[in-house]
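Comments concern the structure below.
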2 protein chains.
Amino acid sequence: MAAARGKPASTPAVRPGRIVAKGEGAALSADAIVDAALELTEREGAGALTVRRLGSELGVDATAFYRHFRDKDELVLAVSDRIIAMTLDVVVESDDWRETLRSITSAAYVINLRYPAVTSITFARITGGRAERAIVEKILATISRAGLSPAETALYYRAIVDAMLSLSGQAAAVANLEPAVRAKDESAWTQIYGLLSQSDYPITGAHAKELAALSEQDVFETIIEAVIEAIAARAAATSPQPAARKSRAKQSSRREEELN
Amino acid sequence: MAAARGKPASTPAVRPGRIVAKGEGAALSADAIVDAALELTEREGAGALTVRRLGSELGVDATAFYRHFRDKDELVLAVSDRIIAMTLDVVVESDDWRETLRSITSAAYVINLRYPAVTSITFARITGGRAERAIVEKILATISRAGLSPAETALYYRAIVDAMLSLSGQAAAVANLEPAVRAKDESAWTQIYGLLSQSDYPITGAHAKELAALSEQDVFETIIEAVIEAIAARAAATSPQPAARKSRAKQSSRREEELN
DNA sequence: ACCTGAACACCGTTCAAGT
DNA sequence: ACCTGAACACCGTTCAAGT
C-alpha cells in the first residue's frame, strides 16, 4: 500500500526516474531486503511477508527480489540468522553454566516472539549461517562445562535447543493466528474447559482456574529448568569427584566455579 | 488425480448422474470429508491438503465443502480431534503414573507424525472436541496421582502437553519439507557442522559425530523424561509422607500404588 | 437441501524484454 | 548488471444459479 509504483502522491519531493521510491535511497541488496523483511513483518504481522509486499515496500517490482535470493526460502533463512544474531547480542555469560543456559534460552524465546512470522517458518530449520554457527558453539561449550560425556553433551544440547526452538515455534504460531481465532483459543480454559460437566470431567474442573492463570513463558521456563536439572543430575551421577555430589541445593555461583 | 470429474475412465461400473464418483457411494458429510482428508494427507503429503484436491478426491465440486464446514480451519480442527482419538485408542494405562505419561506422550508423538500436514497446522491450537476433552482429563488425572498442589499440577500439565505438542509440531514441520530441502537440513551435522574449522568451532567439531548420530525421538524422550523427573522431584519435596522420599530408585510398580 | 461453476483477490515463480 | 511486467499455475472463499 505505502509506496506502490504509479501513485507516489503521498511521498513529497519524489525524484524522477526508475528507482524512485526506494527507501532512504539505498541500493537494492540482499541485506536491504532482509532489513525490510524484518521491519515489515514486525510492523504488519505474518500476512505481510510476501514477495509482492516486500517489493512494494522497497519501491521495486516484486520480481526484482529474485536477483538477490534464489527463492523465498533462502530469504527466510537469512532473516532467521539475523534473529539469532540479535539473540547472541543480549546473552549474558555467567560463571554458572545453568545461568548461561537460562540467559540464552530466554533471550531466544523473547526475540523469536518479536518476529513470529519468521519463527513459525524457521523453528524446524537449519540456517547454516554465521550466527547459527556461533550460537551452536556457545550452547555446546556451555553444556560441556557440566562435565558430561560427549554423547550425553550432544543429547542434552539437542534437548535444550529443540525445547527452546519448538516452544518458540508454538508460541509464534499462536501469535500468528488471526485475532478472533487467537482470542477463541486463548479463552478455552475459561470458556470451554471451565464450563464442562463436573461429573464427566472432574479433574479438569478442579484445575480449570489454575490452568487459566498460567502464562506461556512460565511453561517455557519450567520445561527448560527441567532439562537443566536433568543435565545437573546426570553430571552429579557421573562426576569424577564424588565431593561434588551434594551440589543439589542452591549455592552461591562462586562455589559453582569449581565444577566448571 | 484419482477420481477427477469428467474422466472416470479407470473406475468401472460408474453410475450415471451428477453424484457419480463419490468414493464408496457414501453421501457427502462432515465425517466423510474428515475421513478423506486424513487418508489424502497421509497418502500424498502436506501439499495435497487443499479444498480443491479434497473435492476431486470425493468426486464433488471443491466448493461443496462449504456446505459442511465454515472454513478450512474448522475442518483441520475436526481432523485434529480425530487424531487425538486415535492416540487415546493406543494409550496403555499403568499403575505407575510415570509409565502412563510415557505411553500418552509417545503415542501422541508417533501418531502425530503419521499426519504431519495436519499436525504442523494444529500443534498450537485447541480443538475443544470430544477427544481433546478426554485426553485433557486423562493427563490431568495422571499427573494428579503424583500428589502435587493444584497449581503445580496445572503447571506441569502444561509443561508435559506443550513439550509433547511443540516437539510433535517441530518434527511434523521437518516431515513436511520438500525432500531436497529436508535432505539438506538433515545432513547439516555432517555436511556443514562437521566440516567447520576446528580452530574457530572447537567444541562443535568435538561433538559433530555424536550430534549426527542422535534421533529426533531420542531427543523427544529425553525432554519428556526430564519433565517427568521434575514432577517426581517436586512431589518428593512436598510429600506429606516423608517415608515416600526415597522412591527415587526404581521399584516394582506394585509399590507405587500406595502413592496414587 | 445440497451442489455447481464462474469469479475474486490473492500466492510464488519464470522468462523474455527492456535500460 | 539489474529491473520490469506479463504470464502461469496455483490458493481459499463468495455468491448467484441450478436441481
Side-chain angles (χ1 to χ4, degrees), chain A residues 1 3-8 15-23 25-33 36-37 40-41 44-77 79 117 121 176-178 180-181, chain B residues 1 3-6 15-23 25-33 36-37 40-41 44-77 79 117 121 176-178 180-181:
Chain A
M1 209 175 282
R5 263 195 111 242
K7 40 155 138 177
R15 283 156 294 156
R18 195 140 277 218
I19 337 180
V20 175
K22 206 177 284 179
L28 193 59
S29 67
D31 265 347
I33 294 173
L40 177 62
T41 191
E44 302 199 14
L49 195 60
T50 75
V51 173
R52 280 176 172 82
R53 194 70 185 68
L54 220 36
S56 79
E57 195 71 13
L58 288 159
V60 299
D61 187 272
T63 64
F65 167 85
Y66 290 92
R67 229 48 50 191
H68 302 92
F69 291 95
R70 184 150 38 84
D71 52 23
K72 192 183 170 179
D73 190 63
E74 194 175 272
L75 166 67
V76 154
L77 292 179
V79 175
I121 304 173
N176 287 335
L177 294 174
E178 288 160 28
V181 175
Chain B
M1 207 173 284
R5 265 196 111 239
R15 280 158 296 157
R18 194 141 275 218
I19 335 176
V20 173
K22 207 176 283 177
L28 193 58
S29 68
D31 265 348
I33 294 173
L40 178 62
T41 191
E44 302 197 15
L49 195 60
T50 74
V51 174
R52 280 176 173 80
R53 193 72 184 68
L54 220 39
S56 79
E57 195 71 15
L58 289 160
V60 299
D61 187 89
T63 62
F65 166 86
Y66 290 92
R67 227 48 50 191
H68 301 91
F69 291 95
R70 183 150 38 84
D71 52 24
K72 191 181 172 180
D73 191 62
E74 194 176 273
L75 166 66
V76 153
L77 292 179
V79 174
I121 304 173
N176 287 336
L177 295 173
E178 287 160 30
V181 175

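Chain naming here is simple, since letters A, B, ... match the order of the sequence lines and numbering starts at 1 in each. The structure presented is a predicted model; accordingly, all values stated were derived computationally and were not measured.
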Inset, instruction - Please step through side chain to side chain contact (heavy atoms under 4.5 Å, CB included) for the pair A/L75 and A/F65, ending with a clear verdict. - result: CA-CA 9 Å; A/L75 166 67; A/F65 167 85; 3.6 Å; yes
Inset, instruction - Apply the test side chain to side chain contact (heavy atoms under 4.5 Å, CB included) to residues B/V51 and B/Y66: give CA-CA distance (whole Å), side-chain angles for both, the deciding distance (0.1 Å), then the verdict. - result: CA-CA 9 Å; B/V51 174; B/Y66 290 92; 4.1 Å; yes
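Atom CG in B/D61 sits roughly 15 Å away from atom P in D/dG18 (whole-Å rounding). Rounded to an integer number of Å, the gap from B/R52 CZ to D/dT14 P is 13 Å. Between the NE2 atom of B/H68 and the P atom of D/dG12 there is a distance of 18 Å, rounded to whole Å. A straight line from CZ of B/R53 to P of D/dC10 spans 11 Å, rounded to a whole angstrom. If you take CG of B/L49 and P of D/dC10, they are 17 Å apart, rounded to a whole angstrom. In this structure, B/R67 atom CZ and C/dG5 atom P are separated by 14 Å, rounded to whole Å. The interatomic distance linking B/L54 (CG) with C/dC3 (C1') rounds to 15 Å, in whole Å. Atom NZ in B/K72 sits about 19 Å away from atom P in C/dC10, given to the nearest Å.
Between the A/E74 side chain and the A/R70 main chain, a donor and an acceptor come within less than 3.5 Å of each other.
The side chain of B/A64 lies closest to C/dC3 when the candidates are C/dC3, D/dT13, D/dG5.
The base of D/dG12 is not paired with the side chain of B/T50 by any donor and acceptor separated by under 3.5 Å.
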Legend entry - Pair assignment for DNA chain C - dot-bracket with | for other-strand partners, Watson-Crick or G-U under 3.5 Å: ||.|||||...|||||.||
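B/T63 and B/D61 form a side-chain donor-acceptor contact under 3.5 Å, judged by distance and modelled atom types alone.
In terms of heavy-atom proximity, B/L40 sits nearest to B/A48 at CD2-O, 3.5 Å.
Counted within 6.0 Å of CD on A/E178, heavy atoms from surrounding residues, nucleotides or ligands total 12 or fewer; the atom is thus considered open.
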